[in-house]
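Down below is the structure, laid out as structure tokens.
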Amino acid sequence: MPEPPRPGAGAGSGAFWIYGQHAVLAALSNPRRKPRRLLVTTDAELALRERFSGPWRVTPERADRARFATFLPEDSIHQGIALLAEPLEPVALEDAIAISDGPVLLLDQVTDPRNVGAVLRGAAAFGAACVVLQDRHAPPETGALARAASGALDLVPVVREVNLSRAIAALQKAGFWVMGLAGEGKRTLAEAAPRDRRVALVLGAEDSGLRRLQRETCDELVRLPMAEGVESLNVSAAAAVALYEIVRR
């Protein structure tokens with residue numbers, strides 16, 4: 001596995017607050033995550049100690065619920081627990097596909113952190129090897145992303161690439177069949193997915209879809225079968241359906 005992150009290194013520009021029990025528990029359990037401070041209410045600390053056996057790399061600090069409103073967004077569902085932590089160092093694509101034999105997801109200019117977090121959650125559920133994001137036009141690690149991922153941010157390797165089409169080419173060279181999800185695909189994903197090689201799926205933003213270069217670089221454009229009158233799914237829903245279709249084979 002990659003070395004532990006340096007302070008301030010990785011996808012973000014410095015330490016940020018991860019909140020909610022699932023997200024914090026996953027971050028504390030991840031040896032690649034560098035924790036700074038852990039704030040908990042009395043009840044949240046008791047619940048955490050029942051589920052987490054250590055090692056404790058940061059000492060819990062007791063705080064009342066009003067304290068959380070001073071550093072978290074107003075609508076944050078924090079469950080009385082928040083961890084100040086450094087962003088993770090991105091994983092190299094070649095390392096991620098060597099560690100796991102699962103499918104790979106690539107996101108083309110998906111910029112909403114909640115969508116990316118939900119994609120990570122689906123990727124964790126269906127055993128994806130990694131999620132590939134662009135170095136630009138993709139959100140950094142934030143509390144909102146970590147909360148939407150519900151722990152998956154610390155379970156699924158995140159690869160950041162400057163050029164997504166080059167990442168597609170690298171996967172093809174490694175033996176992957178790369179399919180782009182697009183409504184105009186001639187075959188469905190189920191019809192096109194090979195059984196004798198690994199699969200990578202490229203998904204675009206819900207409003208704009210895949211860009212031209214990604215379309216041209218993919219081995220094939222495929223679609224999900226949907227009822228008449230439904231043009232598209234949210235990217236996280238499409239990712240989950242597509243991953244299920246791949247892994248059930």
Item to check | pair V158-L120: side-chain heavy atoms closer than 4.5 Å | outcome: yes

Checklist entry - Is any side-chain N of the basic residue among E184 and R223 closer than 4.0 Å to the acidic one's carboxylate O? => result no

Checklist entry - Are D43 and T41 linked by a side-chain donor-acceptor pair shorter than 3.5 Å? => result no

Checklist entry - Got a sec: does the CZ of R248 have more than 12 other heavy atoms crowding it under 6.0 Å? => result yes

Checklist entry - Do the non-hydrogen side-chain atoms of R166 and E161 ever get within less than 4.5 Å of each other? => result no

Checklist entry - Hey, what's the ring geometry for H78 with F68, parallel, tilted or perpendicular (30° and 60° as the breaks)? => result parallel

Next on the checklist: In the structure I gave you, are the side-chain heavy atoms of I97 and L171 within less than 4.5 Å of one another anywhere?
Outcome noted: yes

Checklist entry - What do the steps show when you test V119 against L107 for side-chain contact (heavy atoms from CB on, under 4.5 Å), and what is the final call? => result CA-CA 9 Å; V119 168; L107 302 185; 4.1 Å; yes

Checklist outcome for this item: Shortest non-hydrogen pair, A44 vs I81, comes out as CB-CB, 4.3 Å

Next on the checklist: As a quick check of understanding, evaluate salt bridge (Lys or Arg N to Asp or Glu O under 4.0 Å) for R160 and D135, giving each step before the final call.
Outcome noted: CA-CA 5 Å; R160 291 194 177 253; D135 199 38; 5.4 Å; no

Item to check | Taking every non-hydrogen atom, the tightest pair across I18 and V24 | outcome: O-CG2, 3.4 Å

Item to check | Under the side chain to side chain donor-acceptor pair (under 3.5 Å) test, residues paired with Q79 that sit two or more places apart | outcome: R147

Next on the checklist: Could you tell me if the side chain of L203 sits less than 4.5 Å from the side chain of L106, heavy atoms only?
Outcome noted: no

Checklist entry - Would you say the side chain of V162 lies within less than 4.5 Å of the side chain of Q134, judging by non-hydrogen atoms? => result no

Checklist entry - Side chains of L46 and V40: closer than 4.5 Å at any heavy-atom pair? => result no

Checklist entry - Is there side-chain contact between V178 and V202, with heavy atoms separated by less than 4.5 Å? => result yes

Item to check | Among L39, L38, L83, side chain to side chain contact (heavy atoms under 4.5 Å, CB included) partner for P60 | outcome: L38

Next on the checklist: Quick check: closest heavy atoms across P103 and G127, and the distance to 0.1 Å?
Outcome noted: CD-O, 3.8 Å

Checklist entry - Taking the six-membered ring for Trp, are W56 and F52 parallel (under 30°), tilted (30 to 60°) or perpendicular (over 60°)? => result perpendicular

Checklist entry - Would you say the side-chain atoms of D154 pair up with the backbone N or O of A23, donor to acceptor, closer than 3.5 Å? => result no

Next on the checklist: Before you tell me yes or no, could you show the steps for M179 and V199 under side-chain contact (heavy atoms from CB on, under 4.5 Å), namely the whole-Å CA-CA distance, both residues' side-chain angles and the distance that decides it to 0.1 Å?
Outcome noted: CA-CA 7 Å; M179 298 184 290; V199 169; 3.5 Å; yes

Item to check | side chain to side chain donor-acceptor pair (under 3.5 Å) against R65, all qualifying residues, sequence neighbours excluded | outcome: none

Checklist entry - In this structure, which one of E86, E89, E141 forms a salt bridge (Lys or Arg N to Asp or Glu O under 4.0 Å) with R33? => result E141

Item to check | Candidates W17, Y19, F16 - the one meeting ring-ring contact (aromatic ring centres under 6.0 Å, His included) with F71 | outcome: W17

Checklist outcome for this item: Heavy-atom nearest pair, A167 first then L93, reads O-CD2, 4.0 Å

Next on the checklist: Are V132 and V104 packed together at the side-chain level, in the sense that at least one heavy-atom pair is separated by less than 4.5 angstrom?
Outcome noted: yes

Next on the checklist: For R62 and T42: C-alpha separation, side-chain torsions, deciding distance, then whether side-chain contact (heavy atoms from CB on, under 4.5 Å) applies.
Outcome noted: CA-CA 7 Å; R62 291 280 180 88; T42 300; 3.4 Å; yes

